[in-house]
2 protein chains.
Amino acid sequence: MKAGPDISRIAALVGDPARCNMLTALMTGRALTASELAQEAGITPQTASSHLAKLEAGGLIEPEKQGRHRYYRLSDPDVADVLEGLQGIAARAGHMRVRTGPKDPALRRARICYDHLAGDLGVQMLDSMKRQKLVRQSKQAIELTGEGKRFMAEELQIDADALTHPRRPVCKACLDWSERRHHLAGTLGAAMMDRFTELKWAARDAAPGSRVVNFSRNGEKRFAALFGAGE
Amino acid sequence: MKAGPDISRIAALVGDPARCNMLTALMTGRALTASELAQEAGITPQTASSHLAKLEAGGLIEPEKQGRHRYYRLSDPDVADVLEGLQGIAARAGHMRVRTGPKDPALRRARICYDHLAGDLGVQMLDSMKRQKLVRQSKQAIELTGEGKRFMAEELQIDADALTHPRRPVCKACLDWSERRHHLAGTLGAAMMDRFTELKWAARDAAPGSRVVNFSRNGEKRFAALFGAGE
DNA sequence: TTCATAGTTCGATGATAGCCGAAGCATCGA
DNA sequence: TCGATGCTTCGGCTATCATCGAACTATGAA
């Protein structure tokens, strides 16, 4: 009757709260050990082991063995994108996980989405880039313009031509769950976030497992100069 | 502890095979009835009803009640996007066969929907009326314009002011069974169908239980002159 | 070697949730 | 009004699956 690779299989994997906690923990882009993931999900190591095996079989995560540890990471940035999309739907339906803590505003302002910038500032950045014609967006596809390449080289010392990747687009629109608008993903999005970190404009929050990105005072000023809301 | 929206609830909804079949069936963008979705998922109507209630509570689909039918559609294009993303992860082998609508071509073309015209011609008529600015549609509500009143009086000898009814609106958008788009219901829709019959432009099919409406050759010409697709 | 830690496998248990039959509303057609 | 149809609610059955205790394997350290 209906054959084919079920998307229900994949969705069911995400549908379990314990596994879901593991996956969201991995949305930081960092690889975590089985034990850490077990603690993150609030379950015993045995149960976690079973879940991790299923997630791996489903192609959502990939293990990397290191000594007696097994590090797990999301198998693909696309996985993070889909998870972020699900968060958008969940947020709209009003299904927030717990009471909105004090970290919530910071999370909405700037956070890591796997390896690129998300939140208010992330959306602002893509908006500004479109206004400045650094990128062209037609439907879902985003393309870096010639002017955009120059901008990246001059302002951020990023060689756009070096960003091509066999399996990953340079530019990609990623739906932001808190803003419900797109921010920039892809290798360019990742490279820009890397540069912000290198320049000490921004830094990942020290707390383990946190997705919050803190901008320094100087970093915020420089960021606004390039991607300010007004221009 | 954990901030952010709760994905697992949403993902669990998609995670059930039956619900997943329903959702993929709705990815065509068309609205389907509860029965059709039940058949699509290969389950009984009772079970489908339970699933649909859950999907609605989760904000994934939205109902539109139409007589004794309940049409469901995806509540937002974003939902379709996420489903598409999941398909990408699941390494899709696309299979989207949806059987909808009546088999009888005559029924698709023109039929009675309670007391007004439905089918291809019914949808065409409302489209043309909007183009000619005889009616204004904002969301679900439809309003007859001054020009529309003149048109009704001159062309069809219908006194729009006499159509007010204590419990029934003059104009109403009605979701079309075969076209999955709106046609005109309400007392005006009924009055227009009555007039078409009086003028012998159209007649109900003689067969008992048939909802087919047959247009005469002359009637078809006159109808096209007023509500033709081109103008 | 011996011990400690990380992770897995197995088996039993318990709760969740999908499923359908039967019955109940609501709407339509005549 | 009455019967037919679309849909929902209720109750009970069943299967699935997450969970954990216990035991087992593998790596690293002393």
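Just so it is clear: chains get the letters A, B, ... in the order the sequence lines come, proteins before strands, and each one is counted from 1.
Each of dT19(D), dT8(C), dT8(D) was ranked by its minimum atom distance to the side chain of A34(A); first place goes to dT8(C). Here dA18(D) is the nucleotide among dG18(C), dA18(D), dT8(D) with the atom lying nearest to any side-chain atom of D16(A).
OP1 or OP2 of dG18(C) sits under 4.0 Å from a side-chain N or O of K54(B). Within the structure, a side-chain polar atom (N or O) of T47(B) is placed less than 4.0 Å from OP1 or OP2 of dC20(C).
Take E36(A) and apply the side chain to side chain contact (heavy atoms under 4.5 Å, CB included) test, not counting sequence neighbours, and it matches L32(A), T33(A). Residues passing the side chain to side chain contact (heavy atoms under 4.5 Å, CB included) test with P45(B), sequence neighbours excluded: none.
Atom CG in L52(A) sits roughly 15 Å away from atom P in dA6(C) (whole-Å rounding). Atom pair E36(A):CD and dA6(C):P shows a separation of 10 Å (rounding to whole Å applied).
Mapped onto DNA chain D by nearest heavy atom, A12(A) and Y72(B) fall at different nucleotides, with Y72(B) at the one closer to the 5' end.
Across all strands, T33(A) comes closer than 4.0 Å only to sugar-phosphate atoms, never to a base (heavy-atom distances). Contact annotation for A48(A): no contact, since no heavy-atom pair falls under 4.0 Å across all strands. Contact annotation for A18(B): backbone-only contact, meaning every heavy-atom pair under 4.0 Å involves sugar-phosphate atoms and none involves a base.
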Atom pairs under 3.5 Å, N or O on each side, protein against nucleotides 21-28 of chain D: can you list them with distances?
unit_1	atom_1	unit_2	atom_2	d
dG21(D)	N7	Q46(A)	NE2	2.6
dT27(D)	OP1	K65(A)	NZ	3.4

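Distance check: C20(B) SG to H51(B) NE2 gives 11.5 Å after rounding to the nearest 0.5 Å.
Residue R195(B) qualifies as enclosed at atom CZ: its count of foreign heavy atoms under 6.0 Å is above 12.
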